[in-house]
Protein chains: 2
Amino acid sequence: MLSSTEENYLKAIYKISERDNKAASTNAISKEMKTTAASVSDMLQRLSSKGLTHYEKYKGVTLTEKGNKIATALIRKHRLWEVFLVEKLDFTWDEVHELAEQLEHIQSIELVNRLDKFLGNPKFDPHGDPIPNADGIFTHRRQVELSELEIGESGALVGVQEDSSTFLQYLDKMGLKLGVELKVLEKFEFDSSVKLLVNHTEQITISNKVCKNLFLKK
Amino acid sequence: MLSSTEENYLKAIYKISERDNKAASTNAISKEMKTTAASVSDMLQRLSSKGLTHYEKYKGVTLTEKGNKIATALIRKHRLWEVFLVEKLDFTWDEVHELAEQLEHIQSIELVNRLDKFLGNPKFDPHGDPIPNADGIFTHRRQVELSELEIGESGALVGVQEDSSTFLQYLDKMGLKLGVELKVLEKFEFDSSVKLLVNHTEQITISNKVCKNLFLKK
DNA sequence: TAATAAATTTAGACTAATCTAAAAATTTAT
DNA sequence: ATAAATTTTTAGATTAGTCTAAATTTATTA
Ligand SMILES: [Mn+2]
Ligand SMILES: [Mn+2]
Ligand SMILES: [Mn+2]
Ligand SMILES: [Mn+2]
């Protein structure tokens, strides 16, 4: 049985490795976990001695199959709880992340599987992120960053990169929720901002930073 | 913000004080918490320095108003989660206690209040225990121990003292679930066991120990 | 390639929570 | 009212997780 702390490290390693497509560095983990590099270095040795990670001093760390399974199960739990909070308890998508960070550590495979069933086996969480099934298999979806679209192209908003409250509240303000149809009207070279047509009606302009955090299905 | 451990101590003190109607002793707490008296003694000083308990060395401990509020909130969360697990996820009443022990430590007042609403503001948990409202007020119910009933008297089973799996599974086997009508047919002086008529049909005999764990509403 | 900078690890210290063993206080029994 | 038994507290050690500061390794740059 792992501590919540160890579980959080595994999740951080999973996240970083996936994002950067390489072993997670001590510094990257310390930034993600908001701890010092010294603490991370310490923990990496412990995780490796438990067979959860492959670790070579100074060379970064990756998850073993065992570590990967645990990280995936955590993500499954996190996202299912987020669905529960939004669908059943009427929380908004910007309120659920911190709560799910706690709920994901509840130890019970039976609980998460029943929750899954109760929610109707959802495939995506409130931020459009895929929910792995009980075997750890993710549903894959063809999607592109909004910034990759050419002028005139359009697509449906299916996901977001970030899940910080401030970003999600900004999207709400702009009328950008999952499912809306977006068409690229103009691109401004100066700051890479983009003018969009939302649901064939309203026009808005968003920054490049926002673009890079939106996933569309063409 | 308190640790789960500190919260569990507060709950234990609450439970013991209520049961014995006096300050909780170090030994009683160590038994309840399955730790050593030394650990308890240590913790009691810490809880008192945080203003959560009144503590005099060698004299036992009681909760302050602040400590009582926290303990009551924990019980509220525990019991609401038990209702959720049984009503929504189809767990049985003997499966939910350990899960609720974890879930009660999730930190969010908003979450528990929304859960309460989602469940239809239940007044009792799956074991018949009252659920305090958001202000910590318990619904009170007139109830008696089965062992107090005379021959010929009857009542509805509304609650159980214990919530161990083994006890609850035993009750299931005997057809004793909340709501059944019980009539005392005979009392055997030899071992204080009792013969009952269940729902006007079946006859069963149960031990004195079981009797003392069943609450009836006449 | 050698010096400098950056990243990483180690050393040593701290806190929370736990334990065992020993000391002290309280309760019970003679 | 003493002595014995019980309860409780203290002392000292241990483990997980954290930190700062110092040492070491790797990467960058001149
Ligand atoms: Mn999240
Ligand atoms: Mn999410
Ligand atoms: Mn319970
Ligand atoms: Mn209960």
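Chain identifiers are assigned alphabetically (A, B, ...) following the order of the sequence lines, protein sequences preceding nucleic acid strands; residue numbering begins at 1 within each chain.
Aromatic ring pairs are classed by plane angle as parallel below 30°, tilted from 30° to 60° and perpendicular above 60°; the pair A:Phe84 and A:Trp81 is perpendicular.
Between B:Leu10 atom CG and C:dA17 atom P there is a gap of 11 Å when expressed in whole angstrom units. Nucleotide C:dA24 holds its C1' atom 11 Å from the NZ atom of B:Lys57, rounded to whole Å. Taking atom CD1 of B:Ile29 as the reference point, atom P of D:dT7 lies 14 Å away to the nearest angstrom. One can place CE of B:Met33 at 10 Å from P of C:dA17, the figure rounded to the nearest angstrom. Straight-line distance from the CD atom of A:Glu7 to the C1' atom of D:dA16: 15 Å, rounded to whole Å. For the pair B:Leu2 CG and C:dA17 P, the interatomic distance rounds to 9 Å; values are reported in whole Å. For the pair A:Glu56 CD and C:dT8 C1', the computed distance is 14 Å after rounding to whole Å. Atom CD of B:Glu6 and atom P of C:dT18 are 10 Å apart (whole Å).
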What donor-acceptor contacts under 3.5 angstrom involve side-chain atoms of residues 127-139 of chain A, with partners at least two apart or in another chain?
unit_1   : atom_1 : unit_2   : atom_2 : d
A:His127 : ND1    : A:Glu82  : OE1    : 3.1
A:His127 : NE2    : A:Trp93  : O      : 2.8
A:Asn133 : OD1    : A:Asp135 : N      : 2.8
A:Asn133 : OD1    : A:Gly136 : N      : 3.1
A:Asn133 : OD1    : A:Ile137 : N      : 3.0

Can you give each donor-acceptor pair under 3.5 Å made by side-chain atoms of residues 52-61 of chain A, sequence neighbours left out, with the distance rounded to 0.1 Å?
unit_1  : atom_1 : unit_2  : atom_2 : d
A:Thr53 : OG1    : A:Ser48 : N      : 3.3
A:Thr53 : OG1    : A:Ser48 : OG     : 2.8

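Residue B:Thr5 is classed as a sugar-phosphate contact, given heavy-atom separations below 4.0 Å to backbone atoms only.
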At under 4.0 Å between heavy atoms, which parts of nucleotides 1-7 of chain C does protein reach? Answer with one letter per nucleotide, 5' to 3': B base, S sugar-phosphate only, - none. ------S
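Under 3.5 Å, the side chains of B:Ser25 and B:Asn27 contain no donor-acceptor pair of N or O atoms. B:Gln169 and B:Asp94 are linked by a side-chain donor-acceptor pair at a separation below 3.5 angstrom, with hydrogens and angles left out of the test.
Taking the side-chain contact (heavy atoms from CB on, under 4.5 Å) definition, one finds that A:Glu87 meets it with A:Val83, sequence neighbours left out. With sequence neighbours excluded, the residues forming a side-chain contact (heavy atoms from CB on, under 4.5 Å) with B:Glu18 are B:Tyr14, listed by chain and number. Remark: B:His78 engages B:His97 in a ring-ring contact (aromatic ring centres under 6.0 Å, His included) (not counting sequence neighbours). For B:Lys177, there are no side-chain hydrogen bond (donor to acceptor under 3.5 Å, both in side chains) partners two or more places apart in sequence or in a different chain.
Using a 4.0 Å cut-off on heavy atoms, none of the residues of residues 15-24 of chain B approach DNA chain D. A heavy atom lying under 4.0 Å from DNA chain D marks the following residues of residues 38-49 of chain A, by number: A:Ala38, A:Ser39, A:Asp42, A:Met43, A:Arg46.
With respect to B:Gln161, the side-chain contact (heavy atoms from CB on, under 4.5 Å) criterion is satisfied by exactly one of B:Glu145, B:Arg19, B:Lys212: B:Glu145. For the side-chain contact (heavy atoms from CB on, under 4.5 Å) with B:Ile13, the qualifying choice from B:Thr62, B:Leu44, B:Val40, B:Asn68 is B:Leu44, the only one to do so.
For C:dA17, the OP1/OP2 oxygens have a side-chain nitrogen or oxygen of B:Ser3 closer than 4.0 Å.
For the pair B:Lys88 and B:Phe118, the distance from NZ or CZ to the six-membered ring centre is under 6.0 Å and the angle to the ring normal is within 45 degrees.
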Under the rule of Watson-Crick or G-U wobble with both distances under 3.5 Å, where | means paired to another strand and [ ] a crossing pair, DNA chain C maps to ||||||||||||||||||||||||||||||
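Judged as a salt bridge (charged side-chain N to carboxylate O under 4.0 Å, His left out), not a single pair has a partner in residues 62-71 of chain A (not counting sequence neighbours). For residues 24-43 of chain A, every residue pair satisfying the salt bridge (charged side-chain N to carboxylate O under 4.0 Å, His left out) rule, not counting sequence neighbours, is listed here: A:Lys15-A:Glu32, A:Asp42-A:Arg46.
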